[in-house]
Each structure stands twice: as structure tokens, then as C-alpha cells.
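For this chain, numbers begin at 1 and follow the sequence in order. None of the values given here were measured: they were computed from a predicted structure.
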Amino acid sequence: MLTRGHLEYPQSELNKAWKKLLLNQFHDVLPGTSIQTVYEDVHQYYKEIADSCNDVIERALAALLTGGQSENVYAINTLSWTRREVVTLPNGENRVSTSQTLLDGSTVALAEAPSFGYAVIDGRTQHSQSVAASQNESGEITVENGILRAIIDAGGRVVSLKVKAAEKEFIEAPANQFVLFDDVPLYWDAWDVMDYHLETRQPLNCTSTGEDKPRVAGQFACGFDVRPRIVDNGPLRVCVELKFSVKSQTLQDGGDVICSIHQTISLDVDQPYLKFSTKASWKTAHKFLKVEFPLNIHTDRASYDIQFGYLDRPTHGNTSWDSAKYEVCAHKWVDCSEFGFGVALLNDCKHGHSVRGGNVSLSLLRSPKNPDSSADVGLHEFTYALMPHRGPFQSAGVVQAAYELNCPLLLQRAASGGELLCSFFGVDNPAVILDTIKKSEDGHRLVVRLYESYGGETAATLTVPAGVVKATKCDLLERPICDLQMDGCRVPLHFRAFEIQSLLLNLS
């Protein structure tokens, strides 16, 4: 329906990729506790999955945006709310009126796209105050847009972070502090993280006394290859680049490099968070790399994202149960809030977290040697972001920001014969997330799955395409429960806290 008959639904390809993905969810593959030969197969499977899905996406977008005369670049939004963000344009695209060329030669522009829809990028999207960066004589760099102001020291650490409308300082001590721990479990090398590893903390990217000499921390030395410097400076994006390496013993003794970090700290126009795009070369044994964010937030509980909701955990170790939570899991974000203010740490692929007092840490890399002697050794890319906010995380948009970090706008150059702006699905309540749209297993209907994400009872209206003639509530096995009333293209819904609802949509 959505591709106007130009593409047959790729059911067999999706099923094949889905089954390979599920195979890699096996309980030893997923946490990194398999032998090396398993991961050689896993990497190949993931490559096949990515190639297949990317091919399906390319064909679907080509079929969706077809039949026109004039070629444009479209932004495609796969989330259930209207969004605007800075995007990197395809190579050679220079027809957008308002854009910025970055140091690496790429061009970025501000795009806006409706919920589950697309829009042409024409450079006319309006934004508030442009982003800007400046550096003082001591090496400190200030970056700001219309929402945030941050100060980064000569070690790449955030020493000040404020929301302009509040002028509250959210940082208690230098944040984005990389730290290294010894990681030697008693018995199960790849399975366990022992609490005594916390006693071996060694900070890495600290500032020296004005010189680029290595800072010796215990048995390691950290030296900067590139001190933080401004590489892009508005009006749409500012970027600060830094590089440092960690060697065993001291640099003077010529020890081996066990870790190299190349990081770009960026702030986009109208972006509510500071983003840290990181590349790491990791080649060591029995070490644990984390990054810390000491926050000026007083709370005894932190909120952690899980699939279809969140849960709260204590930030203290008052009981044996509490103290055992020194390393816990979360998906896309963790948030620490007090009355009126809070800070969320977002990420795109790391799930180990720790919150003790106001100190939030994200676990980045480990290096166990059993059962896989090469575990985690190699090159890694990951992104995390720090988002200060006023009010509770629900109304501040933390849930939406984390989704956007993980699901960037897709871009497609096409000559479309349809509308320059189009939305297929939408939800009028930000607490309700439309998470999934798929073809039903019987092959005749669409299935949409929504959930309440804030933790409270609420009502919402789902907007569906004009071709939908009937909506039926169903269970997870797609068995009908009851028919729902429709008001034209709108389906009124009611949710309890964290409730998941699945609907079958009949097409004309």
C-alpha cells in the first residue's frame, strides 16, 4: 500500500534475516561468553543481516519515492513524532540553501520530517540561535547553542554544563572522565565482574601542568596525540576533536599501547544534548574501561531504560541487595533527577551502567581471556550523549532523544511523483510510542505495536493511513481480541502504565 504497488513485501528476506538475528541472541553469544570461532561466524551473520536489511531499505525507499521529474533529497523519519536534526547530505549534494561544510569535506543541513513519513530537505527549516565554539588561552573550549552551554577542558573533560534557561550547573566534577580498572574475576573470566575491581580505579584523560607530557597513573601512562581542538564551528554544528593513547608502564619506557581513543564532541543547533562520538583501539588483557560523569544531582534512585518501559534502582549500597547493584543493565538511557532538574546519559550500543551517589558511569570495553582469548580486541565505534534537563525526564523528552540518537533520519535522493511531505502514522501523545509496524503473519493485514513509556495511565489517538478500514486489538500472537472504534483515520486508545497494545489494521 505505502509503496503504491511498486514493491512486493520482502517476507522471505526479512524472515531469513530475523532468524539469523535470533540465533545470535543465544545466551552465550549475546554477552560475549562464547569461544573465538563462534564469533567468527557471528560477525559474518551480522554482516549478512545488515547487507540484506540495507538492501530491503534501499528498495523500499526507491519504491516509495518514485515517479517524479525533479530530483530532491528526502529525510525519512521512522519514529512516531515529528523531528528535526542536523543530517549529513549525500556526496555531491549542493542544492540546499542553508548548509555547513565540515572539515572532513562532508556537508550537513537541518532537516525536519513528520512522524513515520518523509519530507524534502530544502534548507528552509528554521532554527533558533546558531551553535558556536571558542577556546581560551588555557585550552578550555566553550560550546553553546540556544539550549546548552558546555565548557571542555584540555583533557577533553566537561567541567561545566548548563541549560541556558535555568543557569543551573549540572556537573559536580570533570565529566567524560575515562577510567581504567583491573578486571580479574575469581573463576568465570568472561562471565563475572567482581565488586573489588572498583578499588583499582585509574583516571586517564586528565590535564597535565600545561605540557603534553604523559600523565602516569599507576602502571599506565596517558599521553595526548591531539589536545582538544575546535575543528568545526557552526552555524549548524560545532565539533571538538581529541586523541589520546594509554601505554603500559610509561611512555618513556616504550611500553605497548593498550588503548587509543579518538573522540569527537559535538553540539548541533537546537540539540538538547552534548554528543560524544568515539573510536577506540583496544588491545589489552583483564582491563575494564569506563567513562564517568559526576553530576550535581541529589537523588537516591536512578531510572534505567528497558524494552517498553523503564525501572528505578537505588544509587546507594545501604543493603546487601543494593550494594550488589554496582554494575547494572540498561538499554538506551539512564537518568538521574531531583525535583526540577535532571541529567540523562544516552548511548547507542553500551548496556553496562553504574550510578553511585551522583556519579554515573558507562561501561565501554572489557578484555577477558577465557573462553575467547581475543575478546573485544580490535577497533570499536560507539556514541553516548549527556542531556541535562529541567523537570522530570518524561516531560523533558529523554525517551524521544534516546530513540533519535539510535534511529537517525534516513536520507534518500529521489525524483518523487508524490507529495514533498507525507506522514503515514502518528500518535498525539508523547507518552505513547509507536514502536513496530509489520505485515501480519497471515499476510493480509498490518500489525502496529504501541506502548506507554512514561509509567502512567493515559489516552492517545493513533492516526493511520486513509486505506485502513478496520482496527482490531490483538495479542502478541496476532489473535483478535476486540474491534476498535475508528473516527475516520483516527483510532482512540487507552493505556495503563507501561501497557503494550498490538493492533491489526485491515486495508481496503
Only one of Glu327, His353, Arg201 passes side chain to side chain contact (heavy atoms under 4.5 Å, CB included) with Lys290, and that residue is Glu327

Approximate separation, where rounding is to 0.5 Å, of Asp435 CG and Ile500 CD1 = 9.0 Å

State plainly whether the residues Lys247 and Asp256 are in salt-bridge range, i.e. N to O under 4.0 Å.
-> no

Of Thr383, Leu346, Leu386, the one forming a side chain to side chain contact (heavy atoms under 4.5 Å, CB included) with Lys275 is Thr383

Flag if over 12 foreign heavy atoms under 6.0 Å of NZ, Lys325 | yes

How about Tyr403 and Asp305: does a side-chain donor come under 3.5 Å of a side-chain acceptor?
-> no

Result for side chain to side chain contact (heavy atoms under 4.5 Å, CB included) between Val240 and one of Leu267, Val231, Val143 points to Val143

List in chain and number order the residues that pass side chain to side chain donor-acceptor pair (under 3.5 Å) with Asp483, two or more places apart in sequence or in another chain; answer none if no residue qualifies.
-> Thr472

Measure the acute angle between the ring planes of Phe393 and Tyr310, then classify it against the limits of 30° and 60° as parallel, tilted or perpendicular.
-> perpendicular

Parallel, tilted or perpendicular, as decided by the 30° and 60° cut-offs, for the rings of Phe293 and Phe276 | perpendicular

Side-chain heavy atoms of Leu289 within contact of Leu204, under 4.5 Å | yes

Are Asn406 and His331 linked by a side-chain donor-acceptor pair shorter than 3.5 Å?
-> no

Under 3.5 Å side-chain donor-acceptor pair for Gln44 and Glu48 | yes

Could you tell me whether Glu478 and Arg445 make a salt bridge, using a distance below 4.0 angstrom between a side-chain N and a carboxylate O?
-> no

Mind checking what makes salt bridge (charged side-chain N to carboxylate O under 4.0 Å, His left out) contact with Asp55, not counting sequence neighbours?
-> Arg59

Taking the side chain as every heavy atom from C-beta outward, state whether Leu484 and Leu493 have any pair of such atoms under 4.5 Å apart.
-> yes

Carboxylate-amine/guanidinium contact Asp232 Arg237, below 4.0 Å = no

Check whether any side-chain heavy atom of Glu85 sits under 4.5 Å from a side-chain heavy atom of Leu409, and report yes or no.
-> yes

Report yes or no: do Gln263 and Thr278 form a side-chain donor-acceptor pair below 3.5 Å?
-> yes

